[in-house]
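These notes are about the structure you will find just below.
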Amino acid sequence: MDELLTVSGLEKHFPVRRGLLQRRTGAVKAVDGLDFTVNSGETLALVGESGCGKTTTGRLLTRLLAPSAGRIEFEGRDITHLSTAALRPLRRDIQMIFQDPYSSLNPRHTVGTIVGAPYRLQKVQTPQGTKRAVQDLLELVGLNPEHYNRYPHEFSGGQRQRIGIARTLALKPKLIVADEPVSALDVSIQAQVVNLLEDLQNELGLTYVMIAHDLSVVRHMSDRVAVMYLGKIVELAERTALYERPMHPYTVALLSAVPIPDPRRREGRERIRLTGDVPSPLNPPPACRFHTRCWKAQDKCRTVEPPLLELAPGHQTACHYPENPPT
Amino acid sequence: MTAPMDVPSSAPEAQPGAVLTGAGGSIQGRSLRQIAWLRLKRDRVAMAGGVVVAVLVLAALAAGVLDKLFGLIPTTAFNQDLIDPDLQIPKGAFGGISLAHPLGIEPTSGRDLLARIFAGSWISLLIAFLATMLSVVIGTLMGVVAGYFGGWVDTLISRLMDVFLAFPLLVFALALAGVVPDNAFGLSGDVLRIALLIFIIGFFNWPYIGRIIRGQTLSLREREFVDAAKSLGARQPYILFRELLPNLAAPILVYSTLLIPTNILFEAALSFLGVGVRPPTPTWGGMLSDAAHYYQIDPEFMLVPGLAIFVTVLAFNLFGDGLRDALDPRAR
Ligand SMILES: Nc1ncnc2c1ncn2[C@@H]1O[C@H](COP(=O)(O)OP(=O)(O)OP(=O)(O)O)[C@@H](O)[C@H]1O
Ligand code: SF4
Ligand SMILES: [Mg+2]
């Protein structure tokens with residue numbers, strides 16, 4: 001499989017400024033050293049609790065933000081420090097689906113204007129004309145093409161997210177970063193939108209980086225899963241391996257919160273409740289960042305940072321005392 | 001999935017913000033504007049204010065245009081036969097009210113008050129409107145730029161606003177209006193005075209709207225549709241004028257309707273102090289100033305321009321408040 005995107009040592013630190021002189025007093029380490037690749041045609045899920053830096057990662061990959069350190073390669077080309085002007089043509093290939101369908105659509109623009117914006121901004125001529133192209137896109141995402149002239153406030157959350165997806169697809173991007181595309185939606189509608197994304201992937205051969213805050217949403221559509229904690233990846237594995245033989249205690253805890261439909265399997269499992277809050281990324285715990293909440297923590301965890309190691313083929317974990325260690 | 005919300009599409013469109021929204025071309029659907037219009041229609045007080053405003057504007061336009069074209073308004077008819085030669089006040093009760101002069105006549109000169117109020121409305125509203133537009137254009141540009149770019153640009157513009165707000169405007173206006181000669185910048189007479197007043201009132205009032213627009217822009221720029229535009233490769237002018245500005249139409253509109261009465265009052269104050277448009281051209285403030293000499297013997301003279309100012313300002317304020325409620329996104 002081709003590597004579409006390669007990320008190494010990616011960091012984003014937001015400076016914290018205080019006082020009249022705006023002196024720099026510290027930094028929010030929102031993303032603190034990520035290494036991963038995304039292969040063409042696959043779905044890589046990025047999972048973690050609120051505030052662990054998922055959105056920041058997504059915005060770095062789409063270069064809405066400039067990284068503080070590290071390197072991003074897209075199709076073998078270094079795009080880490082490309083200027084706004086140099087990025088413009090690349091924007092066609094990398095697109096983002098936003099978290100909040102209520103804020104991602106301009107309330108003063110019609111659906112036609114919103115979904116047609118990519119063509120106008122990138123000066124793309126479509127053979128059938130922009131209006132027809134927009135209506136085709138609306139149809140593709142399951143909306144009525146007649147609604148071309150309506151405003152976002154006339155649509156439900158799920159429909160709005162479909163409008164956002166249509167806009168994303170307009171330029172036929174190679175990579176789509178979907179930032180919690182369904183977390184703002186009713187549970188009953190979530191599945192529909194996830195199915196739509198899956199269908200679109202099969203139809204158009206899309207590659208997704210799918211961001212989610214729990215492991216249940218991405219269970220069925222991801223190929224590989226990266227679990228993030230406080231700006232770092234703690235575990236990265238093929239989907240089946242991660243769901244069935246999780247190694248990092250944090251992944252185990254997240255999984256224990258996922259409802260299991262099969263009652264026989266549910267019995268054997270104990271529900272692990274994570275105690276305490278997620279520490280602040282302004283001042284993360286030293287060494288293993290999870291040690292303040294980990295039930296297996298030892299002295300070593302507080303002094304030596306566990307590296308992200310490949311403990312089984314394709315299965316990376318950053319823990320001194322992993323669960324389900326390979327035999 | 002739920003069907004789109006149903007609002008009758010035949011709702012009449014006021015489109016007051018059409019100039020400002022500009023973007024989008026052939027907009028048809030049911031816009032927020034129409035929803036606001038429906039809500040405004042239900043607000044009796046605001047609608048009453050709006051009707052008064054509309055009548056005033058039409059009257060002022062009529063006074064301006066008709067008088068210029070046909071000289072219809074007899075502002076220069078000196079009805080000396082109606083003036084008591086000893087006291088110099090109008091004969092008859094209530095300042096000489098009669099069928100021919102429904103608001104009475106001026107003491108001493110004998111000019112018809114209704115005619116002068118009419119002619120004065122033209123000047124008052126013209127100055128207030130144009131000064132408001134000037135403030136709104138400068139304030140909006142500065143506010144959007146400060147709010148969107150932040151950083152040192154924001155610091156610079158915000159400090160500039162502080163400077164302007166700390167400016168002793170009335171004193172400055174008195175001084176400036178006093179020193180400008182009768183012929184300047186290729187203008188003269190009333191035109192020069194009007195231009196001067198528009199500049200003084202408009203140019204120094206922009207920080208108020210500037211601050212409001214800056215605040216709104218600060219919160220708007222965090223919305224994901226701005227990121228969406230960026231991720232499509234939009235340039236900054238597009239984001240400022242196509243994405244942000246249409247969302248600022250409501251506060252701009254509301255603030256404009258609320259700034260107009262303030263400016264009417266300010267113009268009246270300047271005319272009252274004698275630095276406005278010069279006599280014999282009638283202005284409400286100027287009439288009030290004349291009336292001050294007669295308030296004991298002919299109080300009706302003072303009441304007429306006073307009421308004209310009061311009713312106009314009140315009507316604009318009521319309409320502006322109603323508009324604000326109708327456009328308030330929190331009430332949606
Ligand atoms: N522009 C910014 N300036 C300063 N701090 C920021 C900025 N953006 C994000 N952060 C901080 O970085 C951390 C990570 O934020 P991020 O939005 O990436 O988290 P997230 O995983 O997407 O969370 P959520 O599930 O709530 O969306 C948070 O602590 C946040 O406060
Ligand atoms: S390194 Fe230690 S503290 Fe960190 S997850 Fe593993 S066992 Fe827990
Ligand atoms: Mg997020």
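All chains are named by letter (A, B, ...) in the order of the sequence lines, taking the proteins before the strands, and each is independently numbered beginning at 1. What you see is a predicted model; the values in this text were computed from it and never measured. These numbers come from the heavy atoms of this one structure, side chains and all, not from hydrogens, waters or symmetry mates.
Listed in order of number, the residues of residues 117-132 of chain A that approach chain B to under 4.5 Å between heavy atoms are A:Ala117, A:Pro118, A:Leu121, A:Gln122.
Ranked by heavy-atom pairs under 4.5 Å with chain B, the first of A:Gln95, A:Arg167, A:Met96 is A:Gln95. Contact tally against chain A (heavy-atom pairs below 4.5 Å) for B:Arg223, B:Arg235, B:Glu222: the top residue is B:Arg235.
Only the backbone of A:Leu105 comes within contact range of chain B, judged by heavy atoms closer than 4.5 Å. A:Leu171 touches chain B through its side chain: at least one heavy atom from C-beta onward sits under 4.5 Å away, while N, CA, C and O do not. At a 4.5 Å heavy-atom cutoff, the contact between A:Arg59 and chain B is made by side-chain atoms alone.
Across every non-hydrogen atom of B:Arg242 and A:Asn106, the tightest pair is O-ND2, 4.2 Å. When all heavy atoms of B:Ala228 and A:Ser104 are compared, the closest pair comes out as CB-O, 4.3 Å. Residues A:His109 and B:Pro246 approach most closely at NE2-CG, 4.4 Å, considering heavy atoms.
Within 6.0 Å of atom OH in B:Tyr208, 12 or fewer heavy atoms from other residues, nucleotides or ligands are found, so the atom counts as exposed in its surroundings. By the 6.0 Å contact criterion, CE on B:Met47 is enclosed, its count of non-hydrogen atoms from other residues, nucleotides or ligands being greater than 12.
For the pair B:Leu232/A:Arg92, no side-chain contact is recorded, criterion being any heavy-atom separation below 4.5 Å from C-beta on.
Side chain of B:Glu224 to main chain of A:Pro101: no donor-acceptor pair is present (N/O by atom type, distance under 3.5 Å, no hydrogens or angles).
Between atom CZ of residue A:Arg91 and atom OG of residue B:Ser231 there is a gap of 6.5 Å, rounded to the nearest 0.5 Å.
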